[in-house]
Engineer: 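Structure incoming, see below.
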Amino acid sequence: WELGMRAEFLDNRWRVNFTYFDNDYDDLQLGGSTARGFVRFNVPKVATNGFELESVFQATENLWFDGYIAYLDGEYKEVNQDAVEAIAGTGPNPKCGGEIPDAECVLNNFELKNAPEWNYMIAGNYMTGFSNGGEMVFRVSVSYEDESYNLVGNPEAIKRDETTMVDGRIAYTGASDTWSVGLWGKNLTDEVYYPAATTVGAAGMGIPGLAFPGQPRTYGVDFRYTFK
């Protein structure tokens, strides 16, 4: 189920959207790269809950802020033998104290993949006009993603560490509003992170095979024209 609120305050200068969710899944199908290769399997019961808060605040006629914050708590609630083997493997696993994995070990020691606990982004925007009718907008944003595992086996060696990213953009729009040109930069601090990976090797040991890095510091220019 889901509960939401949409509201505006301060003469509609501050908009807030809030959503809380609580979901229970039966026989949820998951897929992932394991020591047995890529497999799909069903997990009898999985639960997720959390919230998302989005907001835009118009501080002045030319200055505004936007952002969001999200929290996610996801966990396995019940697993069968097929799920245990797909998640933790069939051999001794360090997350199980070096023992053969069982349901109790998976429920207590393994997390859902690609499920960071916290995410947020905040951005500042400033617009200035020119005598010819054109406008220029400056935008800087900072985003954060909590650490998470990108494989169902939760290998520590190639999990995604918490990441903070800084992006920026400067864009000019002509007076006719039919064209614009923008200069942008992403990941300006050149953070190194690995959003995806695959494993090979002993079952359940999470021996890294390939880790795929995210985009490094990137710059670019874009041009837009609208035909009317």
Side-chain angles (χ1 to χ4, degrees), residues 1-4 18-53 68-121 143-164 191-214:
W1 59 273
E2 188 175 285
L3 179 66
F18 177 80
T19 303
Y20 176 83
F21 59 90
D22 193 325
N23 300 315
D24 293 313
Y25 300 94
D26 293 329
D27 293 322
L28 179 67
Q29 185 179 84
L30 298 179
S33 177
T34 72
R36 297 183 296 173
F38 185 86
V39 298
R40 293 194 181 277
F41 58 97
N42 291 333
V43 179
K45 293 186 182 298
V46 172
T48 62
N49 66 81
F51 68 84
E52 298 174 354
L53 175 66
Y68 66 82
I69 184 169
Y71 171 78
L72 173 64
D73 179 25
E75 60 181 343
Y76 300 113
K77 303 297 287 187
E78 180 183 327
V79 292
N80 54 25
Q81 187 59 30
D82 284 343
V84 168
E85 294 180 4
I87 295 168
T90 57
N93 192 302
K95 288 183 177 290
C96 303
E99 302 293 329
I100 301 298
D102 57 15
E104 182 179 3
C105 172
V106 170
L107 295 177
N108 292 331
N109 299 292
F110 285 80
E111 300 179 13
L112 296 176
K113 74 170 185 174
N114 299 328
E117 190 173 28
W118 289 99
N119 280 280
Y120 70 74
M121 186 279 295
S143 60
Y144 170 84
E145 182 172 320
D146 213 346
E147 65 179 11
S148 63
Y149 293 100
N150 45 33
L151 294 170
V152 294
N154 291 183
E156 297 291 335
I158 50 176
K159 77 175 183 180
R160 175 169 179 163
D161 293 327
E162 60 181 358
T163 308
T164 301
E191 291 291 315
V192 178
Y193 61 102
Y194 298 90
T198 182
T199 59
V200 294
M205 294 300 290
I207 298 173
L210 291 173
F212 304 99

Engineer: With the side chain counted from C-beta on, respond yes when Val79 and Leu107 share a heavy-atom pair under 4.5 Å apart, and no when they do not.
Structural biologist: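 Result yes, sub-4.5 Å side-chain heavy-atom pair found.
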
Engineer: Show the nearest heavy-atom pair for residues Thr164 and Glu191, with the distance to one decimal.
Structural biologist: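 Here Thr164 and Glu191 meet closest at O-CG, 3.0 Å.
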
Engineer: From Asp73 CG over to Glu111 CD, what is the distance, rounded to the nearest 0.5 angstrom?
Structural biologist: 9.5 Å

Engineer: What is the distance from atom CG of Leu72 to atom CG of Leu112, rounded to the nearest 0.5 Å?
Structural biologist: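 Nearest 0.5 Å value for the CG-CG distance: 8.0 Å.
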
Engineer: With a 4.5 Å limit on heavy-atom distance, are the side chains of Lys113 and Leu151 in contact?
Structural biologist: no

Engineer: Closest heavy-atom contact between Gly89 and Pro101?
Structural biologist: O-CG, 3.6 Å

Engineer: For the OG1 atom of Thr48 and the CD atom of Glu75, what is their distance to the nearest 0.5 Å?
Structural biologist: 10.0 Å

Engineer: With a 4.5 Å heavy-atom cut-off, do Asp26 and Lys45 have their side chains touching?
Structural biologist: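 SC-SC contact between Asp26 and Lys45 confirmed.
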
Engineer: Can you find a side-chain donor-acceptor pair between Tyr193 and Glu162 that sits under 3.5 Å?
Structural biologist: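 Side chains of Tyr193 and Glu162: no pair found under 3.5 Å.
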
Engineer: Would you indicate whether the side-chain heavy atoms of Asn49 and Tyr20 approach each other to under 4.5 Å?
Structural biologist: yes

Engineer: Tell me if the CD atom of Glu99 is crowded by more than 12 foreign heavy atoms within 6.0 Å.
Structural biologist: no

Engineer: Could you tell me whether Glu104 atom CD has more than 12 heavy atoms of other residues or ligands within 6.0 Å of it?
Structural biologist: no

Engineer: Within the structure provided, determine whether Thr19 and Leu3 are in side-chain contact (heavy-atom separation under 4.5 Å).
Structural biologist: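 In short, these two side chains do not touch, never coming nearer than 4.5 Å.
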
Engineer: Roughly how far, to the nearest 0.5 Å, is CD of Gln81 from OG1 of Thr90?
Structural biologist: 9.5 Å

Engineer: Where is the tightest heavy-atom contact between Asp146 and Pro116, given as atom of each residue plus distance?
Structural biologist: O-CB, 3.5 Å

Engineer: Check whether the side chains of Tyr68 and Glu52 place a donor and an acceptor atom closer than 3.5 Å, and report yes or no.
Structural biologist: no

Engineer: Please name the pair of heavy atoms, one in Lys159 and one in Ser148, separated by the smallest distance, quoted to 0.1 Å.
Structural biologist: CB-O, 3.6 Å

Engineer: Taking all heavy atoms of Pro195 and all of Arg160, pick out the closest pair and write down the distance.
Structural biologist: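 Answer, listing the atom of Pro195 first, then Arg160: CB-NH1, 3.6 Å.
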
Engineer: Is Phe110 close to Cys105 at the side-chain level, that is, under 4.5 Å between some pair of heavy atoms?
Structural biologist: yes

Engineer: Where do Trp1 and Asn23 come nearest, in terms of heavy atoms and distance?
Structural biologist: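 Nearest pair, atom of Trp1 first, then Asn23: N-OD1, 3.7 Å.
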
Engineer: Can you tell me how far OH of Tyr76 sits from CG of Leu28, rounded to the nearest 0.5 angstrom?
Structural biologist: 9.0 Å

Engineer: Side chain to side chain contact (heavy atoms under 4.5 Å, CB included) with Val106: which of Asn93, Asn154, Ile87?
Structural biologist: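 Checked Asn93, Asn154, Ile87 against Val106; only one passes side chain to side chain contact (heavy atoms under 4.5 Å, CB included): Ile87.
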
Engineer: To the nearest 0.5 Å, what is the distance between CZ (Phe41) and CD (Gln29)?
Structural biologist: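 Rounded to the nearest 0.5 Å, the CZ-CD separation comes out at 9.5 Å.
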
Engineer: With the side chain counted from C-beta on, respond yes when Pro92 and Ile100 share a heavy-atom pair under 4.5 Å apart, and no when they do not.
Structural biologist: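 A side-chain contact exists here, since the closest heavy-atom pair is under 4.5 Å.
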
Engineer: Please enumerate all residues that pass ring pair (Phe, Tyr, Trp, His ring centres under 6.0 Å) together with Tyr71, with sequence neighbours excluded.
Structural biologist: Trp118

